[in-house]
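Report on the structure given below.
Numbered from 1 within each chain, the chains take letters A, B, ... in sequence-line order. Predicted, not measured: the structure shown is a model, and the values here were computed from it.
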Number of protein chains: 2
Amino acid sequence: MEEKIKTTKSKLQPVPEPTVRRMPNYLTFLKELQKSGEQYISAPVIAKILNLDPTQVVKDLSYTGITGKPKVGYVVEDLLNLLEDFLGYNRQHEAFLVGAGFLGGALIQYQGFREAGLKIVAAFDVDKKKIGTEIAGVSIFDLKNFRNLASRIHISIGIITTPASEAQSVADIMVVCGIKAIWNFAPVSIWVPEHIIIQDTHIYSNLAVIINKLGQTNNDK
Amino acid sequence: MEEKIKTTKSKLQPVPEPTVRRMPNYLTFLKELQKSGEQYISAPVIAKILNLDPTQVVKDLSYTGITGKPKVGYVVEDLLNLLEDFLGYNRQHEAFLVGAGFLGGALIQYQGFREAGLKIVAAFDVDKKKIGTEIAGVSIFDLKNFRNLASRIHISIGIITTPASEAQSVADIMVVCGIKAIWNFAPVSIWVPEHIIIQDTHIYSNLAVIINKLGQTNNDK
DNA sequence: CAGTGTGAAGTTGTTCACAGCA
DNA sequence: TGCTGTGAACAACTTCACACTG
């Protein structure tokens, strides 16, 4: 349905990662805006509210393929659709989650992932007490069954919310089972083959930034 | 506060944020390494394991003030201490958390924050069923009491794990109570005065990166 | 003219190249 | 020779400047 030819028109290839990271912010803002019934929205207004540079917003949004009207801005409805399209919120990605602890549970329960195109279809753990139970309708299986289930359901994303010590071995299983992307919440770097997409969400990195900034201003009056 | 940033006498100002974000990764790796009894570690080895550029590692580590021995590397023990020093893991920062839902609970329970210098001393919610209970020894109070408690305990960090709709008003309370930094997990941008440090941890940004990368490679092969 | 859209300049962070050292 | 340490080249991202448009 879509060409992979490298015509000049094709928008797909080179989206800067920082832009991608901002896209969901635009989307959440626009959803809120739509509720208030606004028809149009301009980049400078978005920029002010999200605390960004106006030109940045214009450039970011252009990646969705939107075209705005000078002096007025963009049609909210159109922009919303193009953003959801860009972010892939329309297609469903199915995921297996390993590590049904507090964080894993939080992710499973997280409202909003569904409409963001992510569906956690099963969870796994090694804790006998957790196996057989379910969280928010998602069954928790023995990790030993991962391979078995993965062979039957085609899963593109694996989520790791295990303790650090288990993360690498879980990743290995995921790779063997043909998972294409791994979302790692364990506070260690894991190693995977080149072609696997890996996204680390290291909570300590964020904490480090906060504490570092606090330290820089702590002698201020 | 209108004027340009004054150079502080004590520490060198300019540590790149990406460097700060990588620091905890070095630390966790080194802690693991220390268990295995290694005395020395070199930048190229760290780089290989953490999948980074060797020069990058050298530059990053130099911000801690470490000096290594050519051909051998760095003394693990020293590097560990300097990293903990850099990251402020030695001083304790106390935090209030608002929103004792799944994510909030996960953070409270999160082992490791303590040794990373973050102590969540109290949690708040508006849900009557949660108020009065506790999670992992942390009491959950009525949000109405936030101001009262904040006036008695000196808190530098506020953590927001509420639904999006509540985030801004909670942030406002935090600002009024003199909190210096806000760690925001709600999926919206919140607005705070210039001098407040704000760190957004938007889970959707990470998801967006994964799905975007998946989309780029799905027509491969 | 207030806003879009885009090429150019500026800034920040990463990678290279090489000097110095044990 | 293998590693540290650093200035310089490079790449990525952001901000600026300005032409264009309703």
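- At whole-Å resolution of the value, OH in A:Tyr63 and C1' in C:dG5 are 13 Å apart.
- Taking a cutoff of 4.0 Å between a charged side-chain nitrogen and a carboxylate oxygen, B:Lys31 and B:Glu115 qualify as a salt bridge.
- Projected onto DNA chain C by closest heavy-atom contact, A:Thr55 and A:Pro70 fall at different nucleotides, the more 5' of which corresponds to A:Pro70.
- Closest approach to the A:Pro18 side chain among C:dT14, D:dT4, D:dC13 is made by D:dC13 (side chain taken as heavy atoms from C-beta onward).
- Between A:Lys71 atom NZ and C:dC1 atom P there is a gap of 9 Å when expressed in whole angstrom units.
- Nucleic acid contact for B:Arg22: sugar-phosphate only, since backbone atoms but no base atoms lie under 4.0 Å from a heavy atom of the residue.
- Regarding contacts with the backbone of C:dG5, a side-chain N or O of A:Tyr74 is found under 4.0 angstrom from either OP1 or OP2.
- A straight line from CG of B:Asn51 to P of C:dT14 spans 14 Å, rounded to a whole angstrom.
- Comparing atom distances between the B:Pro16 side chain and each of D:dG22, C:dG13, D:dT4 picks out C:dG13 as nearest.
- For A:Asp53, whose side chain is taken as the heavy atoms from C-beta onward, the closest listed nucleotide among D:dT15, D:dG5, C:dG13 is D:dT15.
- Protein atom CZ of B:Arg21 is 12 Å distant from nucleotide atom P of C:dG13, rounded to whole Å.
- Between B:Leu79 atom CG and D:dC3 atom P the separation is 16 Å, expressed in whole Å.
- Here A:Thr19 lies out of heavy-atom contact (under 4.0 Å) with every strand.
- Dashed line: the shortest gap from a side-chain N or O of B:Tyr40 to OP1 or OP2 of D:dT4 is not under 4.0 Å.
- Side-chain contact between A:Val138 and A:Val121 is absent, with no heavy atoms from C-beta onward closer than 4.5 Å.
- For the pair B:Lys59 and B:Val45, nearest-nucleotide mapping onto DNA chain D gives the more 5' position to B:Val45.
- The nearest whole Å value for the distance from the CG atom in B:Asp78 to the C1' atom in D:dT4 is 15 Å.
- Taking atom CG of B:Asp60 as the reference point, atom P of C:dT15 lies 11 Å away to the nearest angstrom.
- Under the 4.5 Å side-chain criterion, counting only non-hydrogen atoms from C-beta, B:Phe113 is in contact with B:Tyr110.
- Within 4.0 Å (heavy atoms only), A:Lys69 reaches sugar-phosphate atoms of the nucleic acid but no base atom.
- Look at CD1 on B:Ile66: it is 13 Å from C1' on D:dG5, rounded to the nearest Å.
- Using cut-offs of 30° and 60° for the angle between ring planes, the B:Phe96 and B:Phe146 rings count as perpendicular.
- Remark: A:Gln56 is not in phosphate contact with D:dC13, judged by side-chain N or O atoms under 4.0 Å from OP1 or OP2.
- The local environment of CD in A:Gln92 is crowded, with over 12 non-hydrogen atoms from other residues, nucleotides or ligands closer than 6.0 Å.
- Nucleic acid contact for B:Pro54: none, since no nucleic acid atom lies under 4.0 Å from a heavy atom of the residue.
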